[in-house]
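No hydrogens, no waters, no symmetry mates; every other heavy atom, side chains included, goes into these values. Order of the sequence lines fixes the chain letters, A, B, ..., with proteins taken first and strands second; residue numbering starts at 1 for each chain.
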Protein chains: 2
Amino acid sequence: MSFSRKTKTVKLILDLFENTSNALSVVELTDTFSKKMNKTTVYRILDRLEEAGELHSFTDKDGLKRYAKNFSKLKGLNEQANHPHFMCQDCGISSCLPIEVSAPSIPNYTINNSEHLYIGHCNECNN
Amino acid sequence: MSFSRKTKTVKLILDLFENTSNALSVVELTDTFSKKMNKTTVYRILDRLEEAGELHSFTDKDGLKRYAKNFSKLKGLNEQANHPHFMCQDCGISSCLPIEVSAPSIPNYTINNSEHLYIGHCNECNN
DNA sequence: ATTTTATTGCAACTGATTTGCATTAAGAAA
DNA sequence: TTTCTTAATGCAAATCAGTTGCAATAAAAT
């Protein structure tokens, strides 16, 4: 397995993701835990949690890498299924959308992976 | 208009995009033109060309900003319509896909914008 | 030909992410 | 439980994409 030791820092980060289904950028995480752990540690733990299948990640419109708990744990959907992500242009919150998206078929092309990002206003910010 | 002067450097970049419909990262461009112009100039020209509607841009999976010629010029499709982008995991080539994609409708959410990225093997690399 | 000002080059800076290395601490073994 | 092994951490420095300030340059208007 990619991560073997349940260190204090790993627990802190796992706990945080237990309590939110939002997609968090490394910047937000390092900020939250600035007193508890080093930013390098945050980067490395997130890497390992993704490798271990606890989290998944995507690149947001600003080029920031965001992590969220594994979608299968979130909604019981097929883990392999691609799902889109949403980012609110008002509050900045980013989240997984519980929708399956399908890849187009393009002659002579193979599609292995996809990323879908929607930008708009979330239910909270839509008043 | 956002760009008024047809300088040598602007012509070089426009010429390049005339001859490819691929989506190029700023890094590739600054590399190509390292002897001809400064990287800051590349960044600024691309900014202006996008503002002027000659190019459009998106963020790729690696968080790099990529530019391609405006899609309406490429295929005669509706300029407003969102189209997906493709990146080959073998050769690294990135391109626009001449397909229209539609946004899902999510209760209480407003979707203003979207980005779609497919990763796989292009026709060249599929041999 | 002269003037105006958009454009460029350069150097320094920012912000996210990575790397090397010495230190620390899980957790397996004794 | 103590000892040992090595995964995990902290810290500092480095890297890499992108930005900014400012003086020098060159389109293109006069």
Looking at the side chain of B/Ser4, which of C/dT7, D/dA8, D/dG18 is the nearest nucleotide?
C/dT7
Does A/Arg5 contact D/dT6 through a side-chain donor or acceptor facing the base, at a distance under 3.5 Å?
yes
N/O donor-acceptor pair, side chain A/Lys39 with base C/dT17, under 3.5 angstrom
yes
Any A/Leu117 side-chain heavy atom under 4.5 Å of B/Phe58 side chain:
no
Do A/Glu54 and A/Lys69 sit within salt-bridge range, that is, some charged N less than 4.0 Å from a carboxylate O?
no
Close side-chain approach of B/Leu14 and B/Leu49, heavy atoms under 4.5 Å
yes
Hydrophobic cluster membership, with links at side-chain heavy-atom distances under 4.5 Å among I/L/V/M/F/W/Y: are A/Val10 and A/Leu24 in one?
yes
With the side chain of B/Thr40 defined as its heavy atoms from C-beta on, choose the nearest nucleotide among C/dT17, D/dG18, D/dT20.
D/dT20
Provide, to the nearest angstrom, the distance between the OH atom belonging to B/Tyr67 and the P atom belonging to D/dA17.
14 Å
Return the angle between end axes of the helix from C/dA1-D/dT30 to C/dA30-D/dT1, with five pairs used per end and rounding to 10°.
30°
Starting from C1' on D/dA26, measure out to NZ on B/Lys8 and report it in whole angstrom.
8 Å
Would you state whether a donor and an acceptor, one from the side chain of B/Arg44 and one from the base of C/dG9, lie under 3.5 Å apart?
yes
Nearest to the side chain of A/Tyr43, heavy atoms from C-beta on, is which of C/dT7, C/dT18, D/dA27?
C/dT18
Would you mind reporting whether B/Ile111 and A/Ile119 have side-chain heavy atoms less than 4.5 Å apart?
no
Length of the CZ-C1' vector between A/Arg66 and C/dA16, whole Å:
13 Å
Atom-to-atom span, CG of A/Asp31 to P of C/dT17 - whole angstrom:
13 Å
Has B/Thr7 got a side-chain N or O lying under 4.0 Å from the OP1 or OP2 atom of C/dT8?
yes
Return the 5'-most residue of the pair B/Lys65, A/Met37 with respect to DNA chain D, ranking by each residue's nearest nucleotide.
A/Met37
Separation of C/dT8 P from B/Lys11 NZ (nearest whole Å):
11 Å
Where the side chain of A/Val26 is defined as all heavy atoms beyond and including C-beta, which of D/dT19, D/dA27, C/dT17 is the nearest nucleotide?
C/dT17
State, without any angle test, whether B/Ser94 and B/Asp60 hold a side-chain donor-acceptor pair at a distance under 3.5 Å.
no
From A/Glu50, A/His85, A/Arg66, residue fulfilling side chain to side chain donor-acceptor pair (under 3.5 Å) relative to A/His56:
A/His85
Residue whose closest nucleotide on DNA chain C lies nearer the 5' end, A/Leu64 versus B/Thr41
B/Thr41
Whole-Å distance between D/dG10 P and A/Phe33 CZ?
12 Å
I need the CD1-P distance between A/Ile45 and D/dA7, as an integer number of Å.
16 Å
Taking atom P of D/dT9 as reference, at what distance in whole Å does atom CG of A/Asp47 sit?
12 Å
Backbone of B/Glu28 reached by a side-chain donor or acceptor of B/Thr32 within 3.5 Å
yes
